[in-house]
Amino acid sequence: MPELPEVERARALIERRALGREIAAVDDTDTYVCRPHAPGELAEALTGRRLVSAHRQGKAMWIETDGGPSLGLHLGMAGRIVVDDAAAGDPKRDGPGGHRPVWDRFTLTFADGGHLILRDKRRLGRAVLDPDLGGLGPDAAEIGRDAFRERVGRGEAPLKARIMDQGVLAGVGNLLADEALWRARLDPRRPAGSLDADELDHLRRVIRAATRRAIARGGVHTGDVIPHRRRDGVCPRCGADMARATIGGRTTYWCSAEQGG
DNA sequence: AGCATTGTTTCACA
DNA sequence: TTGTGAAACAATGC
């Protein structure tokens, strides 16, 4: 699930439901998710604190506490935030009638008995104290025109790789990249530095619009071209075949007619 | 069995 | 030194 829209929904859930509550206990025993912390380090630092505010930049999220360290949470490839058993973003429950295992990798238990849980089927999510956000570029939903031109419109790397580079622009993942480039009718293979100012301005507006739309509708999977990202898929606008290749290390689909050969 | 997966980090190489 | 791309990471689903 998690790209910028899912992370923003998780952040909003925390803001709505978890702020002001006091941490009574912490389960930080998953040493991979909590790396490089040793078990007990997060518990020691967070127990007794109250959650004060919830923030996000790109796919990185963090919670400020009253006087203590901040708590960084990253959803990785498959993570979700659950507060008191209400899932963020995805209304689907675990297995109809099944006893599916629950993948709770990090848990805050509040003094009122509720919970904030990082539930992650895989274990690529992270929970760390005072996360380092220094390497992140401007948020994809907020970046201004000049910064976008300057950061995105350079280099020989494929355009798609450029907009997915979290140090250049924070928040765009594989699906949102395909959706935005399809909406902008831009070839994902083009060198980023080959775009002119008008193309860059257009791409910026499309990325921002696609991002906000995905937040409003529940996630990146609600994009128009996402259901057609499959072998033998066709463009939902023109009906041409969807092309497929690995770009920037990720499987990429684009319209063979509207976005170049 | 084998391959793919909405993310990030590390390493090799030009 | 910088930029780019592949592999590793963990776990699951088709």
Can you tell me how far [atom2] of [N] sits from [atom1] of [X], to the nearest Å?
X: A:R230; N: C:dG13; atom1: CZ; atom2: P; answer: 22 Å
X: A:L169; N: B:dT8; atom1: CG; atom2: P; answer: 12 Å
X: A:M61; N: B:dG7; atom1: CE; atom2: P; answer: 14 Å
X: A:L176; N: B:dG7; atom1: CG; atom2: C1'; answer: 14 Å
X: A:D30; N: C:dA11; atom1: CG; atom2: C1'; answer: 12 Å
X: A:H221; N: B:dT5; atom1: NE2; atom2: C1'; answer: 16 Å
X: A:M164; N: B:dT5; atom1: CE; atom2: P; answer: 12 Å

I'd like to check the salt bridge (charged side-chain N to carboxylate O under 4.0 Å, His left out) partners of [X]; sequence neighbours left out, ordered by chain and number.
X: A:D165; value: none
X: A:R50; value: A:E22
X: A:R230; value: A:D232
X: A:K59; value: none

Mind checking side-chain contact (heavy atoms from CB on, under 4.5 Å) for [X] and listing every partner two or more places apart, or none if nothing turns up?
X: A:R217; value: A:R213, A:T222
X: A:R56; value: A:L4, A:V7, A:E8, A:R11, A:D139
X: A:T31; value: A:P39

Between [X] and [N], is there a contact of a side-chain N or O with OP1 or OP2 at under 4.0 Å?
X: A:W103; N: C:dA10; answer: no
X: A:K121; N: C:dT12; answer: no
X: A:H74; N: B:dT8; answer: yes
X: A:R122; N: B:dT5; answer: no

Under a 4.0 Å N-O cut-off, is there an ion pair linking A:R229 with A:D178?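 Result for this pair is yes, salt bridge flagged.
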So which protein N/O to nucleotides 9-14 of chain B N/O distances come out below 3.5 Å?
none

Taking only the P atom of each, what is the distance from B:dC11 to C:dA10 in whole angstrom?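 Result for the P pair: 15 Å, nearest Å.
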With rounding to the closest Å, how many angstrom separate the C1' atoms on C:dT4 and B:dT6?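 Their C1' atoms lie roughly 23 Å apart.
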Canonical and wobble pairing (Watson-Crick, G-U, under 3.5 Å) of DNA chain C, dot-bracket with |: .||||||||.||||
Any pair with a residue in residues 52-81 of chain A that passes ring-ring contact (aromatic ring centres under 6.0 Å, His included), sequence neighbours left out, goes on the list, sorted by first then second residue, please.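 Only A:H55-A:W62 qualify under ring-ring contact (aromatic ring centres under 6.0 Å, His included).
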Does anything in residues 106-140 of chain A form a ring-ring contact (aromatic ring centres under 6.0 Å, His included)? List the pairs, not counting sequence neighbours.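 Not a single pair qualifies under ring-ring contact (aromatic ring centres under 6.0 Å, His included).
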Which of these nucleotides, [options], is closest to any side-chain atom of [X]?
X: A:R250; options: B:dA4, B:dG7, C:dA11; answer: B:dG7
X: A:L175; options: C:dA10, B:dT6, C:dA11; answer: B:dT6
X: A:Q166; options: B:dT8, B:dT6, C:dC9; answer: B:dT8

Between A:F148 and A:R145, is there a cation-pi geometry (under 6.0 Å to ring centre, at most 45° from the normal)?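 No, A:R145 does not lie over the aromatic ring of A:F148.
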N/O donor-acceptor pair, side chain A:R123 with base C:dA10, under 3.5 angstrom: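 There is none.
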A:R244 side-chain N/O to A:T252 backbone N/O, donor-acceptor pair under 3.5 Å: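 Not at all, since once roles are kept as given, no pair shorter than 3.5 Å links the two residues.
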Output a table of nitrogen or oxygen pairs between the protein and nucleotides 2-5 of chain C separated by less than 3.5 Å.
from: C:dT4; atom 1: OP1; to: A:E156; atom 2: N; distance (Å): 3.1
from: C:dT4; atom 1: OP1; to: A:A157; atom 2: N; distance (Å): 3.1

